[in-house]
Amino acid sequence: TLEIRGAFSTNFDAPGPDTVGLARLQYVRAADIGYIVNPWLKLRANAGARFAVLIGTTGTETGYSAGLGFDYLLNEITTVTGDYSYTYGVSTPNPPEDEHRVTVGVTFAR
């Protein structure tokens, strides 16, 4: 009834259309946890962090995120889901940006 996943990755990509760097070297960490409370209710949580260096510049990018969610089975064809997520990021020399997001959904399946 408990599922835990973690990941770490390193990416070497193009810098993107709005930067002057030669390339982007990015490190990403992520973790997910899921818990089945009973046959009707599933809970989940996640967290992540990233750090990137823009090769050829002094620019860096950092950020992190966290979220919580649930799936509730109302009956054999209807599921209600809800999620909250928060993200924060800084891309030097720009000011930090953060976002709070709440989503609710209803799924009908036959």
**Message:** Quick check: do D83 and R44 have side-chain heavy atoms less than 4.5 Å from each other?
**Reply:** yes
Taking every heavy atom of P15 against every heavy atom of A23, the minimum-distance pair comes out as CD-CA, 3.9 Å
Practice task
Check the hydrophobic clustering (I, L, V, M, F, W, Y; side-chain heavy atoms under 4.5 Å; chains of links allowed) and say if Y84 and Y64 are grouped together.
Solution key: yes
In terms of heavy-atom contacts, F8 and T10 come closest through CE2-OG1, 3.8 Å
Shortest non-hydrogen pair, P39 vs L73, comes out as O-CD2, 4.1 Å
*Does a side-chain heavy-atom distance below 4.5 Å link T92 with T58?*
no
The ring-ring contact (aromatic ring centres under 6.0 Å, His included) partners of Y27 (sequence neighbours excluded) come to none
Main-chain N/O of G67 paired to N46 side chain as donor or acceptor, under 3.5 Å = yes
With sequence neighbours left out, the residues meeting ring-ring contact (aromatic ring centres under 6.0 Å, His included) with F51 are none
Check your understanding: Hey, is the main chain of S65 close enough, under 3.5 Å, to the side chain of T87 for a donor-acceptor pair?
Key -> no
Rounding to 0.5 Å, atoms OG1 (T57) and CZ (R24) come to a distance of 9.5 Å
* **Joint hydrophobic cluster, L43 plus Y86, side-chain heavy atoms closer than 4.5 Å** => no
* Can you find a heavy atom in the side chain of V37 that is under 4.5 Å from one in the side chain of F70? -> no
